[in-house]
Amino acid sequence: GNRHIGPRAPERALPPSVALNPLLWTESMERHHSPDRASPVTPSLVCRMPRAPSCLALLAVALTTACASAGDRFEEGIEAEAYGRYYQASMRYVEALEKDAQMTEARERLVEAGDSAIQDGLRNAYQRFDAQDEVGAGEEYHRLDRLLARARSVGVRLPTPQDYADTRRATFDAAISRLMAAGSEAGENRRWAAGRQAFARIRNSFEPTEDQRRESLDAESGLLLDWALAEESDGRFRRAFTLAGEALDISGGAPASVADAAARLQDRAVQAGTLGMAIFPLTIASDLEASGETDPRQLLADILELDHWRAPPRFIAVADPVLVRAATRRLTPLGTPLRPERILDELGAQFGVLIEITSLAWTEENVRQRARTAPTERGATARYTEEEGTLEYRVQADILILARDGRELEAFSVLESEDGPFRRGIYEGDPGTLELSRSEARLFDPVVQAQQRRTIEDALTVTLAQEIAEEVFRRVLSRIR
């Protein structure tokens, strides 16, 4: 009998006409399917007597003139082929040729193993189709397409049956029909994600015609609408809104009936799902208030109100700050603790937000000094120092998000820093007695010094406000279904 390298590969079942000639034969595969169901897959089989191990070994020895990496791939191909793994072997021969295009042995083996791999693939496609796994049959054709393309990339054209393109197209059409049915069935059983995946797979995997593509898109938009309606029924309005939007965004547009229903659903979802949020007056820690440091409260509150609270994301309605301040003053007399639940109840808000500045600090870094001289009003010469460096400003705000009954839902901090250059003059006496140029006088001008700080403060406050608003909105939205 024939010798075999390594463990013997399982015998492959062959049609009776093939078994009559075990050494060399070419036969068309008989159709193994029920009489009432036609199969588009009719592959031809080409089977050859396995090569003796000694022949394969001789081919491996011929690699002494090839580069080592190409030789490694070739040997892996020989081993795979000996075990009957023709597809894997073909890919290894391709890789060998990619590394060494002059390797004649790899080119010859690719033709031989590639032919067997094609016949195996067609047989698998036939069997899958006959088992009503049209999608799996289509994937077998994709696998063969990859092999054919890889072989062509190294200059080898593997032969295929004359009806390859026709059976491939027929198999893809059958796979599309199967996926359409699977998607519809999944939607009926509320397996929404699986249904959507089935419709999308039609477009991504099986080269649909324009009509088939449009049909899958219309079916997907309908499924998304049904999914959105189910979410609305369960009180998940944000999710319903999002899904209805995805139905509207389907490529080429959803059918008119779906589009109208989705738009109406979005309106209902926003109306039913929007919740109120009240922002309490911003505070600062008592120790900072007593320290005499710059108080950023007003600037931060103004930026938050003008740039953020007036433009909340969908599903959040921010209460008018004027009404919040008025309710806070009325329900929290001077000297009494804040009762947020009473204020939220009066305003009809489901969430409250408390913001307190708990830390702020100025730091000077990389300070450089330079000795300067200037004449005085009396004609003498005085010495002063010019300093320049980097001024850093750091502010931390602590934020609490409260439920309507006053319970703490979230607690987090936002820390921001900003820096900028500074220049100033230092003189032990009265700088007004020095005769200075305009640029030198600016070193001692308190307005200029204050403006240097204000530039840094303004930049930091804008960033801090944005970070606070984004985090507050994100956390509150996460609690709205």
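The shown structure was predicted, so the numbers you read here are calculated from the model rather than taken from an experiment.
Of the possible donor and acceptor atoms, none in the side chain of Tyr93 sits under 3.5 Å from a partner among the backbone N and O of Ala113. Asp405 contributes a side-chain N or O that, together with a main-chain N or O of Arg407, makes up a donor-acceptor pair within less than 3.5 Å. Looking only at distances, no side-chain donor or acceptor of Asn189 sits under 3.5 Å from a matching main-chain atom of Arg191. Using modelled atom types, no side-chain atom of Tyr141 and backbone atom of Ala165 make a donor-acceptor pair closer than 3.5 Å. Checking side-chain atoms of Thr171 against main-chain N and O of Thr167 turns up a donor-acceptor pair under 3.5 Å. Judged by distance alone, the side chain of Arg107 and the main-chain N or O of Val154 form a donor-acceptor pair under 3.5 Å.
Judged purely by distance below 3.5 Å, without hydrogens or angles, the side chains of Arg213 and Ser251 pair a donor atom with an acceptor atom. Side-chain polar atoms of Gln212 and Asp173 form a donor-acceptor pair below 3.5 angstrom.
In this structure, Arg85 forms a cation-pi arrangement with Tyr83, its terminal cationic atom sitting closer than 6.0 Å to the ring centre and no more than 45° off the ring axis. For the pair Arg479 and Phe351, the cation does not sit on the ring face, since its NZ or CZ is not both under 6.0 Å from the ring centre and inside 45° of the axis.
Heavy-atom contacts from other residues, nucleotides or ligands closer than 6.0 Å to CD of Glu467 number more than 12. The environment of Gln197 atom CD is sparse: at most 12 non-hydrogen atoms of other residues, nucleotides or ligands sit within 6.0 angstrom.
Residues Ser90 and Arg150 have side chains not in contact (no heavy-atom distance under 4.5 Å, counting atoms from C-beta outward). Phe199 places none of its side-chain heavy atoms less than 4.5 Å from the side chain of Glu215. Between Trp192 and Leu243, the closest side-chain pair of non-hydrogen atoms is not below 4.5 Å.
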| request: Just do the side chain to side chain contact (heavy atoms under 4.5 Å, CB included) check on Arg474 and Leu477 with the steps written out, would you? | output: CA-CA 5 Å; Arg474 185 186 70 79; Leu477 276 177; 6.0 Å; no
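Between Asp234 and Arg239, no side-chain nitrogen of the basic residue sits less than 4.0 Å from a carboxylate oxygen of the acidic one, so the salt-bridge criterion is not met. Ion pairing between a basic and an acidic side chain is recognised when a charged N comes within 4.0 Å of a carboxylate O; Glu471 and Arg475 show such pairing. Salt-bridge annotation for Asp267 and Arg264: absent, with no side-chain N of the basic residue lying under 4.0 Å from a carboxylate O of the acidic one.
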